[in-house]
Amino acid sequence: MKLKSEYYLNEDVVALAKDLLGKVLYTKIGDEITAGIIVETEAYFGVKDKASHAYGGRRTNRTETMYAKGGIAYVYLCYGMHHLFNIVTAAENEPHAVLIRGIEPLVGIDIIEARRKMPVTKGAIAAGPGSAAKALGIDKGFNAKHLEGNEIWVEDHKIRYGDDEIAASPRVGIAYAQEHALLPWRFFVKGNKYVSKPNKG
DNA sequence: GAGACGATCAGCT
DNA sequence: GCTGATCGTCTCT
């Protein structure tokens, strides 16, 4: 059920980003357990990806988390108010990561609604990376936490989407990455309410 | 020590 | 469609 650590060591971060669709992301904060089905992701291809914080081998205090062995969380604050959650993948010193951009609420709906102050019937409750992280209560405190622990983990519920149910498109919000901005490394479930706005399928 | 800006969101028009 | 909110991180001095 819970994904094993080897799962995250896959060197093909683009394939992994697609494979993570349908997996279930859990968090446990105090006694509150919440979870959602991953319905939108983006791949960040380590040192060769201009959109990645680790492009060109940049190592800073912040990006150090991405250089660790796959299977931990990379969380950082964006625009001063949104926590973005990534899954670090591949071997140590290969700073690949998958950004979780949308989840479909599955467990602890009432808790999620309270955190987001809106009903689960609104897709915006967990569409987009900032919203998805907040729905699950993820903040900077989750940075570098192992995904095999008891605070945050991913399960395989045998949910499978066919290729005709999955769409690939360019990633969002990375125009500065020049030619890499057009790579189709964003994956999402077509027509799902909890997928963020741009190019909705 | 200061300045610029970002893997965004929600609310209003 | 437009725009304000809001602060950690990085770069340069």
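Note that the structure is a prediction, hence the values are computed from the model and not measured. Below, chain A is the first sequence line, B the second, and so on; all start at residue 1.
Atom NZ of A/Lys69 is surrounded by 12 or fewer heavy atoms from other residues, nucleotides or ligands within 6.0 Å. Crowding of A/His53 atom NE2: a count of heavy atoms from other residues, nucleotides or ligands under 6.0 Å exceeding 12.
If you take CE of A/Met81 and P of B/dG11, they are 13 Å apart, rounded to a whole angstrom. For the pair A/Arg62 CZ and B/dA7 P, the computed distance is 7 Å after rounding to whole Å. Spacing between atom NE2 of A/His82 and atom C1' of B/dC5 amounts to 14 Å, rounded to whole angstrom units. Put simply, NZ on A/Lys140 is 14 Å from C1' on B/dG6, counting in whole angstrom units. Rounded to whole Å, the distance from CD1 on A/Ile100 to C1' on B/dA7 is 13 Å. The distance from atom CZ of A/Arg116 to atom P of B/dC9 is 8 Å, rounded to the nearest whole Å. For the pair A/Leu77 CG and B/dC5 C1', the interatomic distance rounds to 13 Å; values are reported in whole Å. Between the CE atom of A/Met66 and the P atom of B/dA7 there is a distance of 11 Å, given to the nearest Å.
On the nucleic acid side, DNA chain C has its first and last nucleotide under 4.0 Å of a heavy atom of chain A at C/dA5 to C/dT11, going 5' to 3'.
With salt bridges taken as basic N to acidic carboxylate O contacts below 4.0 Å, none links A/Lys18 and A/Asp12.
Between A/Arg101 and the phosphate of B/dT8, there is a side-chain N or O to OP1/OP2 separation shorter than 4.0 Å.
A cation-pi contact, defined as under 6.0 Å to the ring centre and within 45° of the axis, links A/Arg171 to A/Tyr44. Figure legend: cation-pi geometry between A/Arg62 and A/Tyr76, with NZ or CZ positioned under 6.0 Å from the six-membered ring centre and within 45° of its axis.
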Where does DNA chain B pair, written as one dot-bracket string 5' to 3', with Watson-Crick or G-U pairs under 3.5 Å, ( ) inside the strand, [ ] for crossing pairs and | for another strand? ||||||.|||||.
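Side-chain atoms of A/Tyr7 and A/Asp156 include no donor-acceptor pair closer than 3.5 Å. A donor-acceptor contact closer than 3.5 angstrom links the side chains of A/Thr34 and A/Arg115. With no hydrogens or angles considered, a side-chain donor-acceptor pair links A/Arg116 and A/Ser131 at under 3.5 Å.
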As a quick check of understanding, evaluate side-chain hydrogen bond (donor to acceptor under 3.5 Å, both in side chains) for A/Ser196 and A/Glu40, giving each step before the final call. CA-CA 8 Å; A/Ser196 61; A/Glu40 183 179 354; 2.8 Å; yes
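Residue A/Leu99 is classed as a base contact, given a heavy-atom separation below 4.0 Å to a base.
When each of A/Gly80 and A/Arg58 is assigned the nucleotide of DNA chain C bearing its nearest heavy atom, the one mapping closer to the 5' terminus is A/Gly80.
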